[in-house]
Amino acid sequence: MSASDRPQSPETRVVTGGRRPEWTAGVVNVPVWRASTILYDDVAALRAAAGADTHHRLYYGRRGTPTQWSLAEALTELEPGAEGTLLYPSGVAAITTALLAFLKPGDHLLLPDSAYDPTRAFAMGMLKTIGVTTTLYDPVIGAGIAGLMTPATKVLFLESPGSLTFEVQDVPAMTRIARERGITTILDNTWATPLLFPAMAHGVDVTIMACTKYVVGHSDAMLGSATAVASHWQRLRDATYQLGQHVGPDDAALGARGLRTMAVRLRQHGDLVDPHRPLAGRAGGRRAGAASGVAGLPRTRHLHARFPGSAGLFAFVLDGGGDAGRVALIDGLALFGIGYSWGGYESLALPIDPHRYRSVTRAGAEGPMIRLQIGLEDPDDLIADLAAGLDRFRAAR
Ligand SMILES: *Cc1c(COP(=O)(O)O)cnc(C)c1O
């Protein structure tokens, strides 16, 4: 077997993906091509271009340049079984476009109760106004999802683990049922990325990432992606073009720069967050009675084995106490910033109240909850910072 025949590991593909010689023109990174107008040699060339497929051909700025094509191709190469990837100006734009691509008036959507709040807001808002109905389901329903499907069901949306409460879904069991019935499955795979969960191998039709998080990785750009299997590619691409979705070349280049180090960063982010021995448990274990549990774990522990490692985002439940204790814990942290988003190199802490965004399941927390994004700082420094925070919490309680 020659070197080029050997199947490459995903860690290698994040480095090599999308770097075609005709796009890099000899430099390591694909240059930033800034373009709206593309000039044609003559009228015949213009007419020929207008009638031809624009895929990977300069046509007009909105259809991209090698800068965007390269990142999209790299993301496709990360997901075995994928046909292609489209880029969006944010993760939310990727989600709303994918939903619009596969839903029309009269259709029915199944959405997990733990979905990212803006996804839920889009279903309850704009999708409702165009006549799409939504049923929110318990994220750990598994094969029981069959009981909620109707002849009108056209999309089964998945997000695993769920936002804030981190329930891991039985993706293969659910996609198998959806595929039998011709229902499109769309997975928000932002937490795991294809490195921790190759979604298409588990039967997903369209996989979405808020690249703002781990792909960009440095908290300095917004970006989204949607990757589709062949049977769903054309429809996703048509909807994306019709909605005028486009990512500027500078943001695409930041995404590509981040992607090259994503595998090593994820390893470091996740090192402290072994799902069976999470950081909060380790820091709290030495101070009995501070943390009572980790969100999502009790109901879905058996499914964590599907992830070969962990990402660096999780939430935990404080053992009783009130908001004042939680605020004292967070406000005094030296290394954890207070802010939205995650996936950058810096650690973050956020008070969360998931019950505000749940309809059919209880968030189930017996105490205040905190979400942590573990950054790339030294683990021992982070543990010391959190241990001091848990002391503040106990003192305030
Ligand atoms: C942040 C996030 C999004 C949205 O991404 P933006 O780039 O902020 O629009 C979608 N899904 C999940 C799970 C997220 O955490």
Side-chain angles (χ1 to χ4, degrees), residues 71-72 75 85-100 111-127 136 139 155 157-169 171 185-197 199 204 206-227 240 243 245-248 250-252 254-255 258-259 262 266 269-270 273 295-296 300 307 310-315 337 339-344 346-350 352 354 357-358 369 371-375:
L71 174 60
L75 294 175
T85 297
L86 291 147
L87 302 178
Y88 304 85
S90 69
V92 167
I95 290 165
T96 58
T97 302
L99 286 170
L100 284 173
L111 189 69
D113 206 23
S114 52
Y116 182 61
D117 185 46
T119 306
R120 187 187 179 94
F122 181 69
M124 301 305 156
M126 192 161 283
L127 285 183
L136 293 161
V155 172
F157 196 93
L158 305 148
E159 184 183 325
S160 180
S163 278
L164 306 183
T165 40
F166 296 89
E167 297 90 344
V168 176
Q169 299 197 265
V171 175
T185 53
I186 304 176
L187 170 71
D188 183 334
N189 202 26
T190 300
W191 185 90
T193 82
L195 294 177
L196 294 177
F197 193 76
V204 173
V206 179
T207 174
I208 287 170
M209 271 196 288
C211 299
T212 307
K213 313 292 168 55
Y214 285 133
V215 173
V216 169
H218 295 72
S219 305
D220 54 2
M222 306 286 302
L223 200 65
S225 67
T227 301
T240 301
L243 288 166
Q245 299 284 15
H246 174 261
V247 166
D250 297 277
D251 288 342
L254 285 172
L259 180 69
M262 187 169 77
L266 259 183
H269 286 300
V273 198
T300 60
F307 300 115
S310 178
L313 187 81
F314 71 102
Y340 293 112
S341 203
W342 49 277
E346 81 291 8
S347 290
L348 297 168
L350 202 64
I352 56 166
Y357 313 105
R358 295 293 180 275
M369 291 181 70
R371 189 185 76 180
L372 296 179
Q373 126 88 5
I374 302 304

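Counting convention: from 1, in listed order, for ligands and their atoms alike. Residue numbers run from 1 in the order of the sequence given. Only a predicted model underlies this, so the values are computations on that prediction, with no experimental measurement involved.
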Check your understanding: Are the side chain of Gln373 and the backbone N or O of Gly343 linked by a donor-acceptor pair below 3.5 Å?
Key -> yes
Review point. Are the side chains of Trp191 and Phe197 in touch, meaning some heavy atoms are under 4.5 Å apart?
Key: no
Revision key, fill the gap. Taking every heavy atom of Met222 against every heavy atom of Thr212, the minimum-distance pair comes out as CA-OG1, 3.5 Å
**Study point:** Intermediate values then yes/no, side-chain contact (heavy atoms from CB on, under 4.5 Å), Leu164 and Met369
**Key:** CA-CA 9 Å; Leu164 306 183; Met369 291 181 70; 6.0 Å; no
Exercise for review: Show the protein residues that qualify under the rule heavy atom under 4.0 Å from an atom of ligand 1, listing them in chain and number order.
Suggested key: Ser90, Gly91, Val92, Ile95, Tyr116, Glu159, Ser163, Asp188, Thr190, Ala210, Thr212, Lys213, Met222, Trp342
Point to revise | Residues, nucleotides or ligands: over 12 heavy atoms within 6.0 Å of Met124 CE | key: yes
For residues 213-221, which side-chain donor-acceptor pairs fall under 3.5 Å, sequence neighbours excluded?
residue, atom, partner, partner atom, Å
Tyr214, OH, Gly312, N, 2.8
His218, ND1, Val216, O, 2.9
Ser219, OG, Glu346, OE1, 3.2
Ser219, OG, Glu346, OE2, 3.0

